[in-house]
Amino acid sequence: NAGVMQNPRHLVRRRGQEARLRCSPMKGHSHVYWYRQLPEEGLKFMVYLQKENIIDESGMPKERFSAEFPKEGPSILRIQQVVRGDSAAYFCASSPGTVKLNTEAFFGQGTRLTVV
Amino acid sequence: QQPVQSPQAVILREGEDAVINCSSSKALYSVHWYRQKHGEAPVFLMILLKGGEQKGHEKISASFNEKKQQSSLYLTASQLSYSGTYFCGTENRDDKIIFGKGTRLHILP
């Protein structure tokens, strides 16, 4: 059973371009969480999705950022018109149920986005 | 609301003990502890759900106080492999884990 798969591991974009980050949850997991991590800082919650639904996007910037988790395929975090401040590591985590049911979340290896 | 972790950083010699604290201004539903090594994914350690609960994982254990506003992670007889950043995450029945800023632990041989 493969773990949470994120790709690409490293992504370089010029200012103004679009960044697409992919996350394939563990088999059987239908809950996906996205976090952003700046160097030497904690994991900042961005969005929580279930299949085809955004449950909580309270941590997502209102503009340029969007996320989806289609019925088929990976979850996508999309950042339009990237700026230097978007440079960070983006982690995806998945769980088989909601974390309030005492289930652990498994993290992927992250995508390190660098905006030049 | 982000939980507060203390200390921010700890340097120990191999074999020494450490305690990492995580606190909230409000009662929590659960606390999740993770360890992250540099450049790697956070790895799950344990979840605490009940007030007064204690859990162990070899020489790493944790407690959740009765009021469910504070949790502590205990590392006993630390090993070099314990080095990393420890995060506590709190969940308040809203289906998401909010993490503290982390505690960096460095073990010297």
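These numbers come from the heavy atoms of this one structure, side chains and all, not from hydrogens, waters or symmetry mates. Labels below follow one simple rule: chain letters A, B, ... track the order of the sequence lines, proteins then strands, and each chain is numbered from 1.
No path of Ile, Leu, Val, Met, Phe, Trp and Tyr side chains, each step under 4.5 Å between heavy atoms, connects A:V82 with A:V116, placing them in separate hydrophobic clusters. Clustering ILVMFWY residues whenever any of their side-chain heavy atoms sit less than 4.5 angstrom apart, transitively, puts A:V115 in the very cluster that holds A:M60. Put simply, A:Y35 and A:V32 are part of two different groups of oily side chains (I, L, V, M, F, W, Y) that touch within less than 4.5 Å, one to the next. A continuous path of ILVMFWY side-chain contacts below 4.5 Å connects B:L73 to B:Y82, so both sit in one hydrophobic cluster. Hydrophobic cluster membership differs between B:F44 and A:M5, with clusters built from Ile, Leu, Val, Met, Phe, Trp and Tyr side chains linked at under 4.5 angstrom.
Annotation: the span from B:Q36 atom CD to A:F91 atom CZ amounts to 5.0 Å, rounded to 0.5 Å. We find the NZ-CD distance between B:K101 and A:E41 to be 6.5 Å, quoted to the nearest 0.5 Å.
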Side chain to side chain contact (heavy atoms under 4.5 Å, CB included) assessment of A:L43 paired with B:F87: CA-CA 9 Å; A:L43 297 149; B:F87 292 101; 4.2 Å; yes

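In plain terms, the two heavy atoms of B:K96 and A:Y33 that are nearest each other are CA-CE2, 4.2 Å. Taking every heavy atom of both residues into account, A:G108 and B:A41 meet most closely at O-CB, 2.9 Å. When all heavy atoms of B:G39 and A:R9 are compared, the pair lying nearest together is O-NH2, 4.2 Å.
Proximity to chain B is absent for every atom of A:Q6, based on heavy atoms less than 4.5 angstrom apart.
Under a cut-off of 6.0 angstrom, the local environment of CG in A:L38 is crowded, with over 12 non-hydrogen atoms contributed by other residues, nucleotides or ligands.
A centroid separation of less than 6.0 Å is found between the aromatic rings of B:Y34 and A:F107.
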